[in-house]
Each structure stands twice: as structure tokens, then as C-alpha cells.
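First the structure, in the form of C-alpha cells, and then the observations on it.
We count ligands from 1, going down the list as the structure has it; atoms in each ligand are counted the same way.
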Amino acid sequence: MSQARIIDGKAIAASVRDEIASRAAALLAESGARPGLAVILVGEDPASQVYVRNKDATAEACGFHSVKHTLPESTSEADLLNLVETLNNDAAIHGILVQLPLPGHIDESKVLRLIKPEKDVDGFHPVNVGLLNAGEMKSALVPCTPAGSMVLLKRTLGDKLSGQNAVVIGRSNIVGKPMASLLLQESCTVTIAHSRTRDLPSVVRAADIVVAAVGRPEMVKGDWIKPGATVIDVGINRIPAPERGEGKSRLVGDVAFDEAVGHAGAITPVPGGVGPMTIAMLMANTLTAARRQLGLKDEAPLF
Ligand code: NAD
């Protein structure tokens, strides 16, 4: 059995970051402005702290103006809304990201809806959801993980997406639904599978492109994959790894990689596939947001 080509998300994300850094330098020379990103973290969730640190450091490395607001767990909803409003009105800030999840006493959707759609670099505001679904890509800001998955697909398949059967497993607002929308815009024939889908293996077997965004370790088996299909594994699952020592763990995707690699034509690994693309696309969105707010045209897409 032939082995799939491994899609190197780490290398592709690095090339995207380099491109963003050089576009940001050109923007500074052209307009005197740096893309400005504000990231808000409420509380002490350790995973969120790592994500926020990485976003801040990557923004700095791309030459952006980067601001981090770290607020205590006890922050009131009113205070958080006030901060978002201040950032909405700050001309040096072009992108606002509120790290999720928020503490239980804060209404997440109220906070996300207050962010000005043109500064909503996560792409979660209903206005951006609508623009994406309407195909208005010159105005929309697209959620980072599906946008990054799309870059990986285009770098792998070039202009061969049109007419392909794509199956997205998972229907979340953050990944599954926007991913399906992006694939549809590329003229794929799109199926969205989810927890109530009947006979998932046979649905997946019909797919030329499989995007797995479920959150169940190695759920998609190798013999579900059509020979030669392209597999994008969005899942990030931590499982026990006693072979590495007591109490150790490791990350796996939603696809049984060791099996699927013998069936697929190309596949993303976990870690090192979609994961690194998410932050790279946050930088891309911040740059796009900055250009639009400065009255400049969007640059060429990143693929
Ligand atoms: P979610 O829990 O919001 O959605 C999961 C989806 O999977 C649901 O729509 C559900 O219908 C579907 N599902 C659940 N069980 C199923 C089953 N047995 N068969 C078919 N479908 C099933 O999750 P999410 O936020 O979309 O994230 C999905 C995965 O992607 C998680 O592992 C998450 O950690 C990962 N993720 C990775 C990144 C990244 O940067 N790479 C970003 C976001 C999410």
C-alpha cells in the first residue's frame, strides 16, 4: 500500500507568518501604521494562558502592535464590555480577540456581539458569519481554523478542488460550519456529517476530501478513507501515553493516523498539521482588518 504525503502544517504556517511579516512591513512603509491586535484573557485557565501568550508573541514577531489584557476571574461582565468598547474605539487596534471560554457569570455571546465586525478577527460575530455564507469575501473575516485548513488544502490540491466530494465531520460554529461554507465556495460538493449521521463510515468512504473536526481521538478509521483522498484532521485530543512513562500523555487527532496514512493521498499529522495554521491565520485576519480600516484594498489570498 502506498503511503500518503504528509502535509507539513508547521512549515506552511511558518511560510504564512513570513509572508504576513513582510506584508506588515510594506504596510508600515506605505501608511506608517502597524496592524494592532488586542487579546483579552479573563481568568487563569492554563491552556488559555498558553494560547494567549503564543498569539501575543506571534503578533510581535510579525511586527504588529500587540496588546494583552489579562483580567481576573472575578471580572464583571460590565467591566469586560467596557474594555471591548474602549478597544472598538481605539484607532491603533484593528483586531480584538476575546479568548474563550469565559467564566460562567459572563454571557459569551453578548461580549462577542459587541466587538465591531470589522475588528472581529476570530470571525465569530453574526455579521461575519453572514458575510462568509453569502460569499462576500472582500468584507468577511473568516474563522482562523477553517481558513487555515483551506490554505493547507489549496497548497496540497492547487486548483483541483472544484467538483470534489468533500465531507466535513462536525457541525460546530467555530470549525465545521464555516469549513463547509469555504469548501462550497471552492465548488466542492459538500456533506456535513455529525453525531446523528447514519453510517458515517460509508459517508466518509465517498469523500475525495475529509475534514474531521469532532474531538474524538482516532475515531475515523483508516479503512473509511477512499484511496488517494486528502485528509485534514482538525481534532486535538490528549490521550494517556503510559509507554512514555507514568502519567504521561500525547496528542492525537480525530483520524487514526497510522491506519489512514496507508489509504490517503495526503494527510495532516497531529500535532503539526492544522494546529500551527490557526495562529498564522489570526495574523492574516489582523492584517486584513488593518488594511480595510485604513481604506486599503485586500492583498492577494495566501494560497
Ligand atoms: P465541538 O465539540 O463544538 O463540535 C464537535 C462536532 O462533532 C459536533 O458538531 C458533533 O455533532 C460532532 N460529533 C460528535 N460526535 C460525533 C460522532 N460520533 N460522529 C460524528 N460527529 C460527531 O468541537 P469543535 O470546537 O468543532 O472542535 C472539534 C475538534 O477540533 C476538537 O478536537 C478541538 O480540540 C479541535 N480544534 C482544533 C483547533 C486547531 O487549532 N487545530 C481549533 C478548534 C478546534
closest protein heavy atom to atom 11 (O) of ligand 1 is Ser195 N, 3.2 Å
query = Would you call Arg196 a ligand 1 contact, heavy-atom distance under 4.0 Å?
reply = no
Worksheet item: Would you say the side-chain atoms of Ser249 and Arg244 include a donor-acceptor pair closer than 3.5 Å?
Response: no
The protein heavy atom nearest to atom 12 (C) of ligand 1 is Gly170 CA, 3.9 Å
If you scan protein heavy atoms around atom 40 (O) of ligand 1, the nearest is Thr278 OG1, 2.8 Å
Atoms of ligand 1 under 4.0 Å from any heavy atom of Asn237, numbered from 1 in the order shown, are 32 (O)
Q.
With a 6.0 Å cut-off (strictly less than), is the heavy-atom count around CG of Asp159, excluding the residue itself, greater than 12?
A. no
For atom 31 (C) of ligand 1, the closest protein heavy atom turns out to be Gly215 CA, 3.6 Å
Query - Worked check of side chain to side chain contact (heavy atoms under 4.5 Å, CB included) between Lys119 and Thr286 - result: CA-CA 8 Å; Lys119 295 194 177 188; Thr286 305; over 6 Å; no
min-distance protein heavy atom vs atom 42 (C) of ligand 1 -> Thr145 OG1, 3.2 Å
Within one Ile-Leu-Val-Met-Phe-Trp-Tyr cluster: Val129 and Met179, side-chain cutoff 4.5 Å:
no
- Query: For ligand 1, is there an atom lying under 4.0 Å from some heavy atom of Ala213?
  - Reply: yes
### Message
Between Asp254 and Asp233 (side chain of the first, backbone of the second, donor and acceptor by atom type, cut-off under 3.5 Å), is there such a pair?
### Response
no
Among non-hydrogen protein atoms, atom 44 (C) of ligand 1 lies closest to Val175 CG2, 4.0 Å
The atoms of ligand 1 lying under 4.0 Å from a heavy atom of Val274, numbered in the order shown, are 41 (N)
Logged contact type for Arg216 with ligand 1, heavy-atom cut-off 4.0 Å, is side chain
- Item | Sub-4.0 Å heavy-atom approach of Ile236 to ligand 1 | yes
I'd like to know if the side chain of Thr230 pairs up with that of Thr156 as donor and acceptor (distance under 3.5 Å, no hydrogens or angles considered). no
| So does Arg292 pair up with Asp298, basic N to acidic O under 4.0 Å? | yes
Any heavy atom of Val214 under 4.0 Å from ligand 1? The part involved is both
shortest atom 8 (C) of ligand 1-to-protein heavy-atom contact is with Arg171 N, 3.9 Å
In terms of side-chain geometry, is the basic nitrogen of Glu77 or Lys110 positioned less than 4.0 Å from the acidic oxygen of its partner? yes
A student comparing Met277, Arg238, His194 should find that the heavy atom closest to atom 20 (C) of ligand 1 comes from His194
Checklist entry - Can Gly275 be said to touch ligand 1, with heavy atoms closer than 4.0 Å? => result yes
If you compare Gly253, Pro276, Ser172 by their heavy atoms, the one closest to atom 25 (O) of ligand 1 turns out to be Ser172
Of Ile169, Leu100, Val252, Val234, the one whose closest heavy atom lies nearest atom 35 (C) of ligand 1 is Val234
Taking side chain as C-beta onward, heavy atoms only, is Leu132 less than 4.5 Å from Met137?
yes
For this session: Tell me yes or no: between the side chains of Asp56 and Thr58, is some donor less than 3.5 Å from an acceptor?
Result: no
### Message
Please determine whether a side-chain nitrogen of the Lys or Arg among Glu186 and Lys154 lies less than 4.0 Å from a carboxylate oxygen of the Asp or Glu.
### Response
yes
Note to self: Does Arg205 have more than 12 heavy atoms from other residues, nucleotides or ligands lying within 6.0 Å of its CZ?
What the structure shows: yes
Counting heavy atoms under 4.0 Å, the part of Thr197 that contacts ligand 1 is neither
